Amino acid sequence: LPSGNIFVFRGMLQLMENDDELGIILSHEIAHVVLGHTEEKLTLTSFIQFVLLVPMAVLWAFLPNDGVALVANWFMDTVVDIMVELPFSRDMEAEADRVGLLMAAKA
């Protein structure tokens, strides 16, 4: 979560065979918080949406109907997914894996 809270549910605890498994998962999630991945994603997403807002507003000014607004919104979401979610998600997960394992090893 953006606030840094991490939740563990009973179903997850039931799947764990030992405390070490839970420790690795928690260290991975703590690494996301320590590395600021949520803030990084939100900042980049907001910037891309701001950059795309101007051309979309101009387009809607010339063609003011709900269909254009719907397509523009879909386009903005797709661009954010392609530019932020897909490439950075894998990198952030790999980074959280590395840092989480280091944190777990030091614990």
Side-chain angles (χ1 to χ4, degrees):
L1 296 173
S3 62
N5 294 333
I6 299 170
F7 296 96
V8 178
F9 294 97
R10 194 172 327 141
M12 186 173 158
L13 292 175
Q14 292 169 350
L15 291 174
M16 299 295 140
E17 293 179 14
N18 56 46
D19 293 340
D20 294 335
E21 290 178 356
L22 181 62
I24 294 296
I25 291 171
L26 288 176
S27 66
H28 170 89
E29 297 306 324
I30 291 169
H32 278 298
V33 174
V34 169
L35 295 168
H37 286 166
T38 303
E39 295 85 359
E40 188 177 341
K41 259 187 186 177
L42 290 174
T43 301
L44 190 55
T45 299
S46 296
F47 175 73
I48 291 172
Q49 287 177 338
F50 178 74
V51 168
L52 290 174
L53 182 65
V54 174
M56 294 300 130
V58 170
L59 176 65
W60 192 76
F62 288 110
L63 302 168
N65 67 42
D66 292 339
V68 172
L70 184 67
V71 170
N73 188 42
W74 170 83
F75 177 77
M76 287 175 64
D77 288 344
T78 303
V79 168
V80 166
D81 283 345
I82 290 171
M83 293 183 72
V84 177
E85 297 295 329
L86 296 178
F88 291 109
S89 290
R90 291 182 191 106
D91 292 340
M92 288 179 181
E93 287 300 322
E95 184 181 30
D97 286 343
R98 285 190 304 276
V99 172
L101 285 173
L102 290 172
M103 290 169 54
K106 290 182 180 183

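What you see is a predicted model; the values in this text were computed from it and never measured.
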Do the side-chain N and O atoms of H37 and E93 include a donor-acceptor pair separated by under 3.5 angstrom?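 There is no such pair (donor and acceptor under 3.5 Å, judged by atom type) between the side chains of H37 and E93.
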Are E95 and H32 close enough that a side-chain donor and a side-chain acceptor fall under 3.5 Å?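 No - no donor-acceptor pair under 3.5 Å links their side chains.
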Would you give the length of the straight line joining atom [atom1] of [X] to atom [atom2] of [Y], rounded to the nearest 0.5 angstrom?
X	Y	atom1	atom2	value
I6	H28	CD1	NE2	9.5 Å
D19	L26	CG	CG	10.5 Å
I24	N18	CD1	CG	10.0 Å
I25	I30	CD1	CD1	12.0 Å
L70	F75	CG	CZ	14.0 Å

How far apart are the C-alpha atoms of M92 and K41, what are their side-chain angles, what is the distance that settles it, and do they pass the side-chain contact (heavy atoms from CB on, under 4.5 Å) test? CA-CA 10 Å; M92 288 179 181; K41 259 187 186 177; 3.9 Å; yes
Looking at every non-hydrogen atom in both residues, tell me the closest pair between [X] and [Y] and how far apart they are.
X	Y	answer
E21	L15	OE1-O, 4.2 Å
A96	A31	O-CB, 3.6 Å
A104	S27	CB-OG, 3.7 Å

Consider side-chain contact (heavy atoms from CB on, under 4.5 Å). Of L52, V71, D81, which one does M76 pass it with?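 Output: one option passes, namely L52.
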Verify the cluster assignment for L101 and M16: are they in a single hydrophobic cluster under the rule of side-chain heavy atoms below 4.5 Å apart?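 Shared cluster, no.
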Contact between [X] and [Y] at the side-chain level, heavy atoms closer than 4.5 Å - yes or no?
X	Y	answer
V68	F62	no
N73	M56	no
V99	V34	no
L22	M12	yes
I48	L44	yes
W74	T78	yes

Taking everything shown except N65 itself, do over 12 heavy atoms lie less than 6.0 Å from its CG?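 Counting neighbours around CG of N65, more than 12 heavy atoms of other residues, nucleotides or ligands fall under 6.0 Å, so yes.
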For atom CG of D91, is the number of surrounding heavy atoms from other residues, nucleotides or ligands below 6.0 Å larger than 12?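 Counting other residues, nucleotides and ligands, CG of D91 exceeds 12 neighbours.
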For F47 and V51: C-alpha separation, side-chain torsions, deciding distance, then whether side-chain contact (heavy atoms from CB on, under 4.5 Å) applies. CA-CA 6 Å; F47 175 73; V51 168; 3.7 Å; yes
Go through E40 and L35 one step at a time and tell me if the side-chain contact (heavy atoms from CB on, under 4.5 Å) criterion holds. CA-CA 9 Å; E40 188 177 341; L35 295 168; over 6 Å; no
